[in-house]
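Only heavy atoms go into these numbers, but all of them, side chains included; no hydrogens, no water, no symmetry mates. A quick note: this is a predicted structure, and the numbers were derived from the prediction, not measured. In listed order, ligands and their atoms are each counted from 1.
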Amino acid sequence: MLGLYPVWYEPNIGSGWVIGFIATIHVLFSHASVGGAILFGWLANRAVRKNHPEYIDFIRRYGLFLLVFSYVLGSITGPGIWFSATIANPKGISALIHSFVWMWATEWVFFVIEVIGIYLLIYLAGRVDAKTHTRLSMIFALASVATLLVITGILSFMLMPGSPDWHQTGGVLTAFFGPNTFAQVALRIAFMLTITGVVGGIVAAKIEDPAEKSHIARVLSAVGLIGVAGTFLAGRWYFQTLPLSALETLTLRSPSTFSTMVAAAVGLSVLWFLLSAAKPGVLKVWTASFMTVAILVLGLAPEETAREIMRKPWIAGTYVYANQTIGRDVPALGIKSDLPLMEEKGVLATHPFIPEALRNPTDADRTEAGRVLALTLCANCHSLSDSGIRPLKRYFPAEADKEAVKRYLGAGLHRGLTSYMPAIPLPDLDRDALAQYIAELTRSADAASNDSDTQEAAR
Ligand code: HEC
């Protein structure tokens, strides 16, 4: 039997979009928090050394804001990613847990320190001497960066194991640490500073004393501009660590609007930082909130989506495909590829959750069997309805009949000839059912194609 789970299918949206939506918001909250922590560490030191007691007050205000913005909302969306990703791809999450359970445990320890730290920073501001407050700020900053490091190592493993021979050798650290891990940590820290410069504006806007407000505004602008410059440099480093296949998938398959969006995010942030440093009067709760949303939509959303796209066809460790099949042997973990069994016996025969009646479909239920196969094998990346992620019906020409689709399934898809799609080798019985379903799906698209968009995509 293949180790496959039932599929979570979200018609019209696709499970990927659900996770993506939750994750992008979560990244904003968590980045604002870690960036804020780094800023607090620095400010607290300056507060003592250069005698700036107003910095402590700003840390208290910003900390209170982060407590709700990052900690409450972040703690809701964080488990949200877990829940949605676990239902969407139990095998992918399982692969990560099997390698990294102690890494996650480590992260939770640091996270607990962070949560306690933020409360202490807020409630002890002005109540303990400045030196003690500085120490707390430093602990908070280090714990925050530690959580970032742990999560980034795991994210990086999702793209590829740290060491290229990890599949043979195994080992947590070789899975975790690779050139991409460090470049991604640098990139995220730099981007966090940009986010901190922007989100901090929401708090700074409320400072009444004009001199203090303009001073803090300039600090935030400097932090933000350092962040932008750092993002640019770390971004170049990051791209150098990507494997060729990821770069290829990224260039071929990411929407052309992405680079424009990111350029707009950078341009807008630089303008914003210069303007708010020169004229702190522009710093209002609504302008800073608007900039926060702009960074989220123009910067974070395309960045996180691109990271998803370039990982295709894998979901984790270059051995679990996005459709949950194991695409290669991992001798170090005693894991065997699903593909030989899939090719020989087929998915209808070996998927534990296929209804018995569909295992050997008759003419009457062949299309239904094909639909179950499409749900299992394709729906993680292609929605089966008209909208959502890469609707499957748009990828076959309207005139493709069952035989033509079947030939495609037996050729390109069988061996995985593209860099972005998994190899899906199926025996004749499965191919026949899937082809019949796809041909009917495409025909139904054809019948409904007053929609010029559909026709264009089909071409
Ligand atoms: C790992 C994700 C993934 C899975 C699983 C997947 N595809 Fe794809 N597929 C893609 C991507 C990405 C593209 C490129 C789409 C684009 O650029 O718009 C694609 C493109 C295609 C194309 C266009 C031709 C081509 O080769 O580029 C066809 C046809 C197709 N997929 C069929 C299928 C079928 C049928 C299944 C299930 C048996 C399937 N795909 C499963 C990711 C996937």
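Phe40 and Tyr62 have perpendicular rings, their planes meeting at more than 60° on a 0 to 90° scale where under 30° would count as parallel. Taking the six-membered ring for Trp and thresholds of 30 and 60 degrees, Trp108 and Trp82 have ring planes inclined between 30 and 60 degrees apart.
Of the polar atoms of His382, at least one N or O is found under 3.5 Å from an N or O of ligand 1, judged by distance alone. On a distance-only criterion, Asn323 and ligand 1 share no N/O pair closer than 3.5 Å. The shortest N or O to N or O distance between Lys312 and ligand 1 is not under 3.5 Å.
Residue Tyr408 approaches ligand 1 through these ligand atoms, each under 4.0 Å from one of its heavy atoms: 22 (C), 24 (C), 25 (C), 26 (O), 28 (C), 29 (C), 30 (C). Which parts of ligand 1 touch Ala322 is read off a 4.0 Å heavy-atom cut-off, strictly below it: atoms 1 (C). Atom numbering of ligand 1 starts at 1 in the shown order; those under 4.0 Å from a heavy atom of Ile438 are 35 (C). Which parts of ligand 1 touch Leu413 is read off a 4.0 Å heavy-atom cut-off, strictly below it: atoms 34 (C), 35 (C), 36 (C), 38 (C).
For Phe157 and Phe176, the ring centers are positioned 6.0 Å apart or more.
Within the 3.5 Å criterion, the main-chain N or O of Leu348 finds a donor-acceptor partner in the side chain of Asp430.
For Trp17, the CH2 atom counts as loosely surrounded, since its 6.0 Å shell holds 12 or fewer non-hydrogen atoms of other residues, nucleotides or ligands.
Using a 4.0 Å heavy-atom cutoff, Leu392 is listed among the residues neighbouring ligand 1.
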